[in-house]
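This report refers to the structure that appears directly beneath it.
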There are 4 protein chains.
Amino acid sequence: MTGDNAWPAFTLTPGPSGATPATLAALGRPILHHQDPAFLALYAEATGLLRRAYGTADDPVIFPGEAVVGLEAAAASLIGPGDVVLNLVSGVFGRAFGRTARQYAGEIIEIEVGDDSAVPAGRVHDALRDRPDISIVSVVHCETPCGTVNDVAAISAAMAGHDALLLVDAVSTFGGTRCDVAGWQPGLVVAAPQKCLGGPPGLSLLHVSEAAWRHMAANPRPPGGAALSLAGWRDAHRGSFPYTPPVAEIYALHACLEQYLAEGPDAVLARHQAAARATRAGVRALGLRLWASDEAICADTVTAVRMPPGVTEADVRAVARSESGVMLSGGQAGLPVLQIGHMGPSASPLTPVIAVVALGRALRRLGAAADVGAAVEAVLGEDSMVTGR
Amino acid sequence: MTGDNAWPAFTLTPGPSGATPATLAALGRPILHHQDPAFLALYAEATGLLRRAYGTADDPVIFPGEAVVGLEAAAASLIGPGDVVLNLVSGVFGRAFGRTARQYAGEIIEIEVGDDSAVPAGRVHDALRDRPDISIVSVVHCETPCGTVNDVAAISAAMAGHDALLLVDAVSTFGGTRCDVAGWQPGLVVAAPQKCLGGPPGLSLLHVSEAAWRHMAANPRPPGGAALSLAGWRDAHRGSFPYTPPVAEIYALHACLEQYLAEGPDAVLARHQAAARATRAGVRALGLRLWASDEAICADTVTAVRMPPGVTEADVRAVARSESGVMLSGGQAGLPVLQIGHMGPSASPLTPVIAVVALGRALRRLGAAADVGAAVEAVLGEDSMVTGR
Amino acid sequence: MTGDNAWPAFTLTPGPSGATPATLAALGRPILHHQDPAFLALYAEATGLLRRAYGTADDPVIFPGEAVVGLEAAAASLIGPGDVVLNLVSGVFGRAFGRTARQYAGEIIEIEVGDDSAVPAGRVHDALRDRPDISIVSVVHCETPCGTVNDVAAISAAMAGHDALLLVDAVSTFGGTRCDVAGWQPGLVVAAPQKCLGGPPGLSLLHVSEAAWRHMAANPRPPGGAALSLAGWRDAHRGSFPYTPPVAEIYALHACLEQYLAEGPDAVLARHQAAARATRAGVRALGLRLWASDEAICADTVTAVRMPPGVTEADVRAVARSESGVMLSGGQAGLPVLQIGHMGPSASPLTPVIAVVALGRALRRLGAAADVGAAVEAVLGEDSMVTGR
Amino acid sequence: MTGDNAWPAFTLTPGPSGATPATLAALGRPILHHQDPAFLALYAEATGLLRRAYGTADDPVIFPGEAVVGLEAAAASLIGPGDVVLNLVSGVFGRAFGRTARQYAGEIIEIEVGDDSAVPAGRVHDALRDRPDISIVSVVHCETPCGTVNDVAAISAAMAGHDALLLVDAVSTFGGTRCDVAGWQPGLVVAAPQKCLGGPPGLSLLHVSEAAWRHMAANPRPPGGAALSLAGWRDAHRGSFPYTPPVAEIYALHACLEQYLAEGPDAVLARHQAAARATRAGVRALGLRLWASDEAICADTVTAVRMPPGVTEADVRAVARSESGVMLSGGQAGLPVLQIGHMGPSASPLTPVIAVVALGRALRRLGAAADVGAAVEAVLGEDSMVTGR
């Protein structure tokens with residue numbers, strides 16, 4: 001295995017976002033057989049912890065498959081030829097979900113805004129008024145590549161009185177941005193452990209309302225096999241597995257959820273908000289512009305930054321990684337933006353300092369100006385309320 | 001998390017089959033971002049190690065998804081409406097693969113034998129002679145629930161001169177039973193880490209020949225999304241991931257393959273054969289009958305045993321787990337058999353002793369006779385060649 | 001590092017005695033600075049857990065140094081030129097303690113019995129009557145090399161009315177054999193984590209009564225440096241460390257004690273007793289003789305066995321290790337005995353089976369007769385009351 | 001166990017100094033019996049790795065006991081009533097060693113300078129000229145509490161032509177500051193894993209020259225027991241242990257040494273020097289003064305800083321820990337200095353940034369001025385040569 005010394009000192013990416021020692025220790029527990037009573041108990045416990053994290057009375061579904069697979073399974077299971085899907089697009093992931101949904105839906109209607117914008121809830125209201133046959137509204141809560149959020153609460157409110165289901169991709173918000181699942185329109189929420197919960201990638205965490213289960217049951221063309229069937233995992237917490245679940249990932253999820261609930265959802269939200277504010281302040285003080293057209297739609301979990309002329313985000317990332325040992329992200333789907341993740345374990349008091357210093361050093365090395373000192377001061381100005389972790 | 005003391009002392013199931021401390025330590029390494037240079041290097045290394053384990057010059061595919069998903073993806077990717085598939089059925093998994101293949105194939109032809117038997121290679125030869133349009137032959141190497149193996153080498157030989165592709169489910173043989181992938185007919189082999197390699201469940205390990213890749217490329221109805229597309233992962237070892245791979249599972253796979261190659265494939269095979277012989281001898285000395293109609297088709301990785309009258313395998317397993325701390329398997333798909341796994345870390349010198357003692361104690365507790373002393377002696381008689389681990 | 005495959009499959013030695021996954025996970029936690037508030041809290045907690053395990057109101061001392069060092073520190077701290085020490089000798093460790101005590105005491109009186117025997121409490125009573133100036137009585141609870149126990153409760157009772165302090169080496173009993181510290185005469189008890197608690201070697205765990213602290217304070221020749229001073233660690237749980245404590249060992253101790261208390265001292269004792277009875281039955285059925293002159297003085301934590309003529313315990317151990325992957329002990333201080341540890345994690349239902357099978361196989365390989373089948377039956381006959389772990 | 005979230009994000013103390021994931025994984029390996037062949041091989045390997053790190057042909061001694069105990073054992077073993085010891089004192093640790101040596105030596109002569117200074121080699125030369133009967137010269141390489149180093153190479157050179165032994169406390173330099181053990185006068189060097197090697201505290205690592213072994217052998221009053229005898233561990237790498245070694249600590253040491261040698265001593269030195277320069281520049285830019293009277297004697301492994309008027313180092317540390325999650329040290333033996341460790345894993349490119357930001361924030365919170373931005377810029381100015389880790 002590659003030497004440890006070559007590993008990064010800091011992973012500040014929008015998922016995977018690092019993991020605490022407690023989570024890593026959980027990953028390394030002995031591999032139980034999936035029908036072992038100890039594993040069945042742990043799986044049921046994990047489901048219960050996830051239900052508490054979702055804050056509803058419904059047993060959620062732990063689906064073996066990374067978020068992209070979980071979203072595809074959600075689409076394949078929920079959307080049938082009789083469905084008219086209103087897909088909201090404000091970036092890469094929304095556009096991709098449209099392509100996925102199109103394979104299953106009778107019709108897809110899209111509301112698309114610029115990749116640096118968010119979809120206005122009013123347009124959802126209008127669309128539903130114009131097309132009362134819309135049966136599903138799909139939206140990406142946080143467009144990770146763009147660092148922007150759609151206002152799901154407002155969109156949900158705009159659906160009031162209409163019985164379409166709401167399908168939310170909350171992958172990079174759940175656990176770091178308020179997700180009022182109990183208050184939102186019934187439907188389906190897809191989350192994942194490798195973002196704000198600080199787990200490994202490999203699972204999807206789905207909240208499915210009773211109405212959504214009924215809609216699935218009525219789907220005349222459900223997934224033919226095991227790979228895309230959500231229904232197959234509905235009773236997994238009762239020991240009914242369609243196939244062997246990823247045992248180690250379940251251990252890690254259990255540990256992540258325990259830590260999340262022990263810290264407390266409100267404390268976690270405050271930690272993410274503080275890190276986000278501080279990062280944005282630091283980035284601006286470096287002389288850089290946020291990708292989002294409006295800071296009000298900036299995510300609390302990831303900050304997307306435009307590079308100055310003559311510098312590519314790929315070069316900046318390479319230098320930050322090699323000189324400062326800091327791993328950043330960027331360039332997803334061709335967007336010329338650098339992403340700084342501050343989610344899960346990386347939403348901590350000094351993360352924004354580390355990010356802006358690594359970024360500033362890299363900019364200088366590449367010939368661009370960067371006032372790192374001012375950036376650090378800006379970070380401190382913003383996070384003065386942050387308490388230690 | 002449930003207390004450690006309630007965990008089993010021994011997991012002797014046919015997958016998951018336990019994991020060595022080195023594998024568990026690898027699972028607990030820090031979670032890197034999947035585009036981190038250290039992770040890219042490790043992923044490429046893991047692919048290279050798997051290529052060495054397969055013993056061919058082709059870069060294999062590490063597919064995120066348990067074996068059942070990997071097999072479904074293989075079917076979805078390889079089998080199109082123009083294909084005539086000859087599916088060989090000698091048990092639960094072969095039957096299930098037929099159902100999967102039927103969703104994609106133009107036509108399915110099946111050769112089915114009893115669940116305690118193996119498919120004679122001669123019947124494959126005859127079928128190919130009768131139906132020269134057969135384009136794919138699919139076979140399960142080891143029917144785990146039955147503890148039986150099909151003779152893939154003979155089946156492959158029976159395909160000589162015919163250009164059908166050979167699709168082998170080698171999930172519970174690869175790494176514990178000879179798989180002469182280089183010598184078999186071109187096609188596709190599906191393996192997994194949680195069986196003879198002693199890894200966690202969650203990945204499929206696919207060997208795809210050039211001819212199989214060409215066949216996939218010509219499939220007019222390839223998988224529409226990411227979840228079932230093998231092609232999407234073909235260049236993953238070059239850093240091209242369709243979505244985030246399960247980072248921790250890759251660490252574990254890397255570690256498992258290093259250990260497998262360090263021990264040496266021949267030594268590993270000998271270890272599995274010795275454990276299998278000893279287990280069968282012990283089971284017979286307990287007065288039990290093997291499930292297989294003929295010991296010649298018994299697997300080296302798992303032993304399936306019939307229970308005596310008046311005792312159910314479920315009760316035996318429950319007692320073995322609670323009184324002896326030994327986790328066994330059984331009853332898959334309704335078969336009234338108990339399964340003892342001796343694969344990966346559990347194919348070790350004393351495993352058969354532990355298995356027969358736990359089994360014998362449970363039988364007695366349930367009112368059946370069992371000469372445990374004789375069974376242990378039989379185990380020792382058989383494994384006298386085994387060297388320590 | 002040497003490959004994992006060369007590691008033993010089972011460590012059945014009288015300390016170190018293996019460790020549970022939870023203990024190993026604790027060992028691998030990040031190394032805190034010893035003055036870190038998180039470490040101070042954990043250290044104080046560990047002391048509290050140890051106090052509960054000792055079952056008294058006194059704060060015990062966690063002393064950095066393996067049991068041999070802990071015993072030397074106890075002697076150096078407690079015993080001064082004014083002391084007359086009555087040292088009870090029934091084996092290697094008692095004899096060694098006499099040599100240590102002689103360096104510090106004014107006078108040493110010894111009661112010595114054969115290495116296969118135990119010291120009768122009556123002789124202690126007589127000695128105290130004859131020499132009322134005896135100020136300290138020292139005894140080894142379990143002579144690990146001999147597999148024998150001295151009856152500390154009876155010896156303590158024999159001291160009634162006499163104010164000598166009782167110094168007990170409870171290293172290989174504490175946590176596996178009843179130690180009624182609260183009921184024993186005041187004095188000093190030395191235990192360690194690597195025996196019945198299933199921890200790593202490296203610490204001593206001392207219970208010091210108020211009278212013993214006073215005796216130490218009055219010692220005119222206390223240890224001159226830090227290495228042997230118990231007093232220096234008296235307030236360690238309040239953050240006062242004479243030097244940096246072994247941080248990782250403290251993590252492990254904390255985890256071991258949590259598991260011990262969660263399982264419950266009575267359940268732990270029963271588990272050790274059952275394993276001891278079963279092991280002795282198995283060993284006798286192999287045709288071997290116990291080292292102890294009387295089974296009534298056999299330890300619950302380790303069984304010492306005489307080899308048959310023509311076979312050395314060293315050869316037996318070597319073969320058991322290489323052929324069965326089972327690590328046994330033996331030959332301490334020249335005693336021609338083989339030791340089977342059944343303490344801590346290795347006091348489990350199937351441990352005696354594994355031990356007698358490995359032992360029996362090795363005897364046969366070395367040309368001696370051994371009815372392994374009968375031995376296993378004898379084990380099962382004895383442990384039929386054992387519940388699963 | 002206290003929740004993980006309360007643990008510090010960064011431990012920047014002069015030992016323990018954190019540990020890499022590879023070291024932590026090694027700590028969590030199964031606990032072998034110390035006579036297990038796998039452990040004996042690993043112990044011998046660790047000794048060989050340490051010999052390579054010391055860069056001499058002599059087998060070093062791994063002594064179970066933290067550095068304070070190791071130094072006491074060195075004094076007790078080496079120094080006898082016939083010895084005249086010249087003890088060099090430039091701080092807390094030198095003064096303490098004088099007290100220890102005085103218990104064993106015939107006579108102690110001391111050269112003492114201020115705690116912010118270093119002992120001039122010329123004074124050693126003069127002392128040896130004046131007292132040709134000096135048999136041992138003892139010196140602390142780095143006075144950790146003061147952040148200062150004595151020039152051992154020059155002191156050794158000043159001993160040329162004199163056959164006194166040189167006893168060096170290299171605890172907080174070995175592995176981070178050049179220790180030319182092969183070039184120094186024969187004698188004894190004491191190091192430890194928890195400083196620049198990034199291991200857990202609990203062991204001493206001793207280099208003993210042939211002349212020093214002879215001197216020990218001639219000591220008429222060697223240590224009476226096991227706890228302080230170096231000689232007892234001389235052949236430990238051949239399997240001769242006076243008592244059970246701390247198995248897990250040996251695993252960790254092995255891992256640390258492998259990583260140290262893989263990175264390469266020169267690269268490690270450069271990393272420490274860069275971190276030290278950058279830290280000093282940052283601290284000065286914060287407006288603070290170094291403790292050392294002369295920057296030329298500042299250590300590469302730890303920086304000691306004076307606090308501004310009205311602020312105590314204890315308060316600063318408490319605020320840095322609670323608000324920034326950064327653990328610093330200070331106040332050892334009453335010195336009013338704050339210590340920043342940059343040794344082992346914490347001598348990395350961004351460590352100085354994290355240290356000065358946490359320090360600066362804490363100063364401000366306590367009412368003192370601190371130009372954090374300028375400090376970060378100063379750090380970057382100094383460490384521009386540092387390559388990523």
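Sequence lines set the chain letters: A, B, ... in the order given, protein chains first and strands last, and positions in each chain run from 1. Computation of the quantities below employed the complete heavy-atom set of this structure, encompassing side-chain atoms and omitting hydrogens, waters and symmetry-equivalent molecules.
Side-chain contact between Ile354(B) and Val353(C) is absent, with no heavy-atom pair separated by less than 4.5 Å.
Under the rule for a salt bridge (Lys or Arg N to Asp or Glu O under 4.0 Å), Arg289(C) has no partner lying at least two apart in sequence or in another chain.
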Side-chain donor-acceptor distances from residues 47-55 of chain C under 3.5 Å, at least two apart:
residue: Thr47(C); atom: OG1; partner: Tyr43(C); partner atom: O; Å: 3.0
residue: Arg51(C); atom: NH1; partner: Asp59(C); partner atom: OD1; Å: 2.7
residue: Tyr54(C); atom: OH; partner: Leu205(C); partner atom: O; Å: 2.8

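Using a cut-off of 4.0 Å between Lys/Arg side-chain N and Asp/Glu carboxylate O, Arg364(C) and Glu377(B) are scored as salt-bridged.
Across every non-hydrogen atom of Ser324(C) and Pro349(B), the tightest pair is CA-CB, 4.4 Å.
If you measure heavy-atom distances from Val319(C) to chain B, you find no contacts under 4.5 Å at all.
For the atom pair CG of Leu350(C) and CZ of Arg361(B), the computed distance is 6.0 Å after rounding to the nearest 0.5 Å.
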